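A short worksheet on the structure shown next.
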Amino acid sequence: MFARRRKHFGTLADKATYATLHTASLATPHLREGLTPAAAGKASRHLRDLLGTAAIAICDSSGVLAWDGVGGPYESNHRGDAKALAAPTLRTGRTAVLGAHDVACGDPQCPIRTAVVAPIVTEERVVAVLLAYSIKSSAALVRATEEVARWVSGQVELAELNRERTRAMEAELRALRAQISPHFIYNALAAIASFVRTDPERARELLLEFADFSRYALRRGGEFTTLADELRNVERYLVLEQARFGDRLKVSLLIAPEVLPVVIPFLVVQPLVENAVRHGLEGTTGVGRITIRARDRINEAEISVEDDGAGSDPEVIRAALSGESGSDSVGLGNVDARLRQVYGDAYGLVVETAVDAGTKVTFRVPKYSSGVHAVSR
């Protein structure tokens with residue numbers, strides 16, 4: 001009975017559906033790279049399999065990005081004409097069905113007699129066209145070509161959104177680096193200078209810590225890092241701040257070892273710690289305590305930074321997170337925006353604070369997330 005079930009798994013329609021979905025899945029990674037000649041070339045074979053035509057071409061305003069199907073003299077006869085055939089659809093965005101008069105070459109053995117030209121559209125703009133060449137046209141082929149072109153449009157639009165997200169994250173990161181520098185560098189160098197005469201060895205050690213911190217903060221090694229590397233840089237930062245504040249700064253790190261390899265956006269913990277130091281200690285005379293925690297939450301890691309300082313008005317924090325104020329909370333809105341860009345709105349910062357009640361900032365990250373990889377250095 002089991003053997004019979006395996007032998008008759010699904011109807012013919014089911015099998016056709018699975019085959020179509022599988023073929024589409026093979027084209028998806030290439031299309032997510034955008035409509036470059038390399039990506040279009042890799043995807044074109046799978047797109048032709050979806051349509052079952054003699055050949056397909058993908059063209060943009062510069063010419064033929066990719067050709068797949070009949071080769072040899074047949075390809076030579078038709079590839080050179082593809083740009084001209086694509087031009088009206090590139091201009092108008094309307095699907096065209098071309099007959100033998102427009103498409104056929106002089107070779108009676110050539111399997112190309114007709115073509116369907118469908119637009120590939122992103123953001124209401126025709127960026128390319130898909131040409132499906134066949135021995136004869138049909139309403140089914142026209143509809144299939146339009147649907148495949150529409151699906152390609154969606155993948156290309158996602159690729160553009162990914163590029164926009166990357167550009168936005170890079171801009172946010174550049175802004176954060178610029179924001180950290182004036183707040184931190186002057187104070188760090190002043191603290192080092194204070195030890196040059198009284199304790200030269202301590203000054204040398206602090207200078208090395210400052211160099212390592214700066215190298216990490218200004219690196220060009222990608223958008224992501226591991227929590228272990230981020231915490232290591234936080235420790236360098238705190239060594240420099242403790243040189244400045246002395247016994248007034250007390251720090252506790254409570255880190256679950258299993259979350260250390262988790263990949264997180266670059267520079268998301270250190271700005272929160274810097275914010276805690278500035279608003280928890282500066283302007284006060286007593287001892288300030290900062291607690292950094294990283295917990296394992298099954299499929300997520302939860303990171304929090306808490307201080308027992310002066311706290312803040314929740315409305316001020318809300319405005320800082322939304323970018324509506326000129327608050328000097330170092331990087332708070334920046335970090336929140338980047339977390340949401342990478343993981344979605346459910347993964348922004350959670351801030352618990354009140355005047356004279358300290359501040360706790362918490363965020364979660366998935367342990368595994370598509371497209372999030374640390375770059376080895």
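It should be emphasised that the depicted structure is a prediction, and the values quoted were computed from it without experimental measurement. Index from 1, following the sequence.
Here Asn299 contributes atom CG and Tyr368 contributes atom OH; the two are 9.0 Å apart, rounded to the nearest 0.5 Å. A distance of 13.0 Å separates CZ in Arg202 from CG in Leu207, rounded to the nearest 0.5 Å. Atom CG in Leu31 sits 10.5 Å away from atom CG in Leu158 (nearest 0.5 Å). We find the CG-CD1 distance between Asp336 and Ile317 to be 11.0 Å, quoted to the nearest 0.5 Å. Ile303 contributes atom CD1, which lies 6.0 Å from atom CD1 of Ile264 (distance to the nearest 0.5 angstrom). To the nearest 0.5 angstrom, Leu51 atom CG is 11.5 Å from Leu131 atom CG.
With a 4.5 Å cut-off on side-chain heavy atoms, Phe266 and Phe224 do not count as touching. Taking 4.5 Å as the limit, some side-chain heavy atom of Pro265 sits within range of a side-chain heavy atom of Tyr343. A 4.5 Å side-chain heavy-atom check between Arg295 and Val259 finds every atom pair outside the cut-off. Considering only heavy atoms from C-beta on, Ile120 stays 4.5 Å or farther from Val129 through its side chain. Between Glu123 and Glu157 there is a side-chain heavy-atom pair separated by less than 4.5 Å. Side-chain contact check for Glu230 versus Gln270: some heavy-atom pair is nearer than 4.5 Å. Between Asp60 and Val127 there is no side-chain heavy-atom pair separated by less than 4.5 Å. With contacts defined as side-chain heavy-atom distances shorter than 4.5 Å, the pair Thr362/Leu349 does not qualify.
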- Task: Could you check Thr359 against Thr353 for side chain to side chain donor-acceptor pair (under 3.5 Å), going step by step and ending with a plain yes or no?
- Result: CA-CA 4 Å; Thr359 302; Thr353 189; 2.9 Å; yes
- Task: Would you please test Arg232 and Glu235 for salt bridge (Lys or Arg N to Asp or Glu O under 4.0 Å) and show each step?
- Result: CA-CA 5 Å; Arg232 192 173 297 118; Glu235 289 181 315; 5.8 Å; no
- Message: Evaluate Trp67 against His78 for side-chain contact (heavy atoms from CB on, under 4.5 Å), listing each step before the verdict.
- Response: CA-CA 10 Å; Trp67 173 282; His78 294 282; 3.7 Å; yes
- Run the numbers on Arg318 and Glu315 for salt bridge (Lys or Arg N to Asp or Glu O under 4.0 Å), then give the verdict. CA-CA 5 Å; Arg318 189 175 292 111; Glu315 290 302 319; 2.3 Å; yes
- Kindly determine whether Asn275 and Arg278 satisfy side chain to side chain donor-acceptor pair (under 3.5 Å), including the steps that lead there. CA-CA 5 Å; Asn275 191 68; Arg278 289 184 62 205; 5.5 Å; no
- Can you list the steps and then say if Glu302 with Arg364 is a salt bridge (Lys or Arg N to Asp or Glu O under 4.0 Å)? CA-CA 4 Å; Glu302 182 185 87; Arg364 299 171 295 116; 5.8 Å; no
- Message: Could you walk me through whether Leu260 and Thr226 satisfy the side-chain contact (heavy atoms from CB on, under 4.5 Å) test, starting with their C-alpha distance in whole Å, then the side-chain angles of each, then the deciding distance to 0.1 Å, before giving a yes or no?
- Response: CA-CA 7 Å; Leu260 289 174; Thr226 63; over 6 Å; no
- Would you check, one step at a time, whether the test side-chain contact (heavy atoms from CB on, under 4.5 Å) holds for Val117 with Thr95? CA-CA 6 Å; Val117 189; Thr95 299; 6.0 Å; no
- Task: Show your reasoning for whether side chain to side chain donor-acceptor pair (under 3.5 Å) applies to Glu306 and Thr291.
- Result: CA-CA 5 Å; Glu306 184 174 6; Thr291 302; 5.4 Å; no
- Tell me, with the steps shown, if Trp151 and Leu47 meet side-chain contact (heavy atoms from CB on, under 4.5 Å). CA-CA 10 Å; Trp151 177 76; Leu47 299 179; 3.8 Å; yes
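Side-chain N or O atoms of Arg113 include none that pairs as donor or acceptor with a backbone N or O of Ile135 at under 3.5 Å. Using modelled atom types, no side-chain atom of Arg48 and backbone atom of Ala132 make a donor-acceptor pair closer than 3.5 Å.
Linking Ile, Leu, Val, Met, Phe, Trp and Tyr whenever their side-chain heavy atoms come within less than 4.5 Å puts Phe195 and Leu189 in one cluster. The hydrophobic clustering, which links ILVMFWY residues whose side-chain heavy atoms are closer than 4.5 Å, places Val70 and Leu85 together. Cluster membership for Val64 and Val152, using ILVMFWY side-chain heavy atoms within less than 4.5 angstrom, is not shared. Note on Val234 and Leu249: same hydrophobic cluster, where clusters join Ile, Leu, Val, Met, Phe, Trp and Tyr whose side-chain heavy atoms are under 4.5 Å apart, directly or indirectly. Under a hydrophobic-cluster definition in which Ile, Leu, Val, Met, Phe, Trp and Tyr are linked whenever side-chain heavy atoms come within less than 4.5 Å, directly or via other members, Ile290 and Leu253 are assigned to the same cluster.
The minimum heavy-atom distance linking Ser194 with Ala191 is given by the pair OG-O, 2.5 Å. In terms of heavy-atom proximity, Tyr133 sits nearest to Ala115 at CD2-CB, 3.8 Å. Nearest heavy-atom pair across Pro119 and Ala149 is O-CB, 3.5 Å. Between Val262 and Pro366, the shortest heavy-atom contact is CG1-O, 4.1 Å. When all heavy atoms of Ser44 and Ile56 are compared, the closest pair comes out as O-CD1, 3.2 Å. Contact detail for Val126 and Thr89: the closest heavy-atom pair is CG1-O, 4.0 Å.
Val142 belongs to a hydrophobic cluster whose remaining members, ordered by chain and number, are Val97, Val116, Leu141; membership requires side-chain heavy atoms of ILVMFWY residues under 4.5 Å apart, directly or through intermediates.
Judged purely by distance below 3.5 Å, without hydrogens or angles, the side chains of Glu300 and Tyr347 pair a donor atom with an acceptor atom. Side-chain N/O atoms of Ser137 and Thr114 include no donor and acceptor closer than 3.5 Å.
For CZ of Arg94, the number of neighbouring non-hydrogen atoms (other residues, nucleotides, ligands) closer than 6.0 Å is 12 at most. For Arg143, the CZ atom counts as loosely surrounded, since its 6.0 Å shell holds 12 or fewer non-hydrogen atoms of other residues, nucleotides or ligands. Other residues, nucleotides and ligands place no more than 12 heavy atoms under 6.0 Å from the CZ atom of Arg45.
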